[in-house]
Amino acid sequence: MKRRSLPLSYCAVLILLGLLLTERASFAANPRIGVLIFDYTNNYVTYIRNSITQVAGDNAEILMIDAQNDQAKQVEQVDTVISRGVDALAVNAVSPEAAPTIIEKARAADLPIVFFNRSPSKEDMLSYEKCWYVGTTPYDSGRLSSEMAMAAFKADPKYDKNKDGVLQYLILKGTPGHPDAEARTIAVQETFAKAGFKAELLDIQTGNFRTADAKDVTDAWIGRFGDKIEMILSNNDAMLLGAVESLRGAGYLSADKPCGVIGINALPEVLTMIEDGTVIGSILSDAYSEGKNIFTMSYNAVKGQDVLTGVDGKLDDMKALRVPYIPIDKSNIPLAQEVYKYALGK
Ligand code: CA
């Protein structure tokens, strides 16, 4: 018995020593990552920021800076964080056109760089070996919202108010020229067409991704189309909130005046509207997974390991990792709540 217990206690001591040394080693080698944000006031990017901080925990030092939507300021901030000895850059560019300038600064300092949320061009991405991107495929969110509309229209006869078998609908478009606004708006129409679904687009107007603008647009639509409106598909949830406010004010979204509303983002305030049946659903942009992947890929790059270590998914032909959108309706609200639990930093 004694001969067996002695080596065991040696083992325990060795394991303990090993753990202590590993702890010290990892602490000493903690990467410092410069995270440059285009604008702290943007809600969605704030969820990504919180996720990066949450996931980093004690494994890295995060230097985060707000460019306040000023590209010139952000370029200076790249110099600032490099001079503070960061090991990697994670950049949410104010303008994708500034990517070559930022890439050159990273290259000169031999630093890996992970762009996110606003995509540089493929050419810029391929110009530097230590450059990656984390984002989404905007077209998919439009396609998924369109699929949600078709499913709701088929499942519930209340949406076909004039009983003609055709969906009369409106698109609340984001800021014209913004890649998300263009891709989502086209995707909705193409998805209906490809499915052979009978849909009549009454109008497209821009709400500039803003609640107040979308409310004004919807007010005007109600005056112009009234009960002809069977569904509104919004390019984002901020505009959905404006549409809901307008519709409610005119007595819609009630049992005798139904109107389908579908958004994109699945923001926490919209989840409660999905739960109580005010809106059909929304397409979740998974801010938590985006933040997690941004941090993990930056960390891996610093450690000199495969950037996809511990990451779900593959890189596309421009070294971009696309985080999938998740359709959220009454059946899977807890899934979205789980994402926000982390993204809200709770
Ligand atoms: Ca109809």
Side-chain angles (χ1 to χ4, degrees), residues 139-174 176 181-207 209 211 213-266 270 273-284 325 327-332:
Y139 189 94
D140 285 350
S141 54
R143 175 179 58 78
L144 292 167
S145 71
S146 193
E147 287 172 359
M148 188 178 272
M150 290 190 281
F153 189 77
K154 285 171 189 163
D156 195 337
K158 77 178 178 190
Y159 294 117
D160 189 11
K161 289 197 259 184
N162 64 354
K163 308 293 171 206
D164 66 349
V166 179
L167 172 67
Q168 277 76 26
Y169 75 108
L170 296 156
I171 295 179
L172 264 173
K173 184 177 177 177
E182 300 301 334
R184 288 169 181 174
T185 299
I186 291 166
V188 165
Q189 298 168 79
E190 284 184 351
T191 305
F192 284 151
K194 276 182 196 160
F197 179 72
K198 289 179 185 162
E200 181 191 349
L201 178 59
L202 297 176
D203 195 18
I204 301 177
Q205 291 286 333
T206 180
F209 286 130
T211 302
D213 292 13
K215 184 185 178 300
D216 291 346
V217 167
T218 310
D219 285 346
W221 275 342
I222 290 170
R224 190 170 152 203
F225 300 110
D227 254 341
K228 272 185 84 176
I229 306 169
E230 294 179 343
M231 223 174 266
I232 297 178
L233 273 68
S234 178
N235 277 183
N236 79 344
D237 276 358
M239 294 192 295
L240 173 149
L241 293 172
V244 166
E245 199 185 331
S246 170
L247 289 165
R248 272 185 179 149
Y252 288 87
L253 304 173
S254 55
D256 55 330
K257 288 181 97 176
C259 180
V261 183
I262 295 174
I264 292 174
N265 296 136
V270 172
M273 294 180 174
I274 297 171
E275 195 149 33
D276 69 17
T278 304
V279 306
I280 295 169
S282 187
I283 311 302
L284 177 71
Y325 286 98
I328 300 292
D329 61 18
K330 231 172 186 170
S331 69
N332 62 350

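For clarity, every value in this text was computed on a predicted model and none was experimentally measured. As the structure lists them, so they are numbered: ligands from 1, and atoms in each ligand from 1.
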Value for CD1 (I229) from CD (Q168), rounded to nearest 0.5 Å, stands at 11.0 Å
Angle subtended at the Ca ion (ligand 1) by OE1 of Q168 and OE2 of E230, nearest 10° | 90°
For the Ca ion (ligand 1), what is the closest N, O or S atom on D160?
-> OD1
Decide, counting backbone as well as side-chain atoms, whether N162 has an N, O or S atom less than 3.0 Å from the Ca ion (ligand 1).
-> yes
For residues T191 and R143, is any side-chain donor paired with an opposing acceptor at under 3.5 Å?
-> no
Is there a donor in the side chain of S282 and an acceptor in the side chain of N265, or the other way round, less than 3.5 Å apart?
-> no
From the Ca ion (ligand 1) out to just under 3.0 Å, does an N/O/S atom of K161 turn up?
-> no
Would one find an N, O or S atom of D164, in either backbone or side chain, under 3.0 Å from the Ca ion (ligand 1)?
-> yes
Could you tell me whether D203 and R224 have a side-chain N and a carboxylate O separated by less than 4.0 Å?
-> yes
Answer yes or no: is there a donor N or O on one side and an acceptor on the other, between the side chain of S141 and the main chain of I264, under 3.5 Å?
-> no
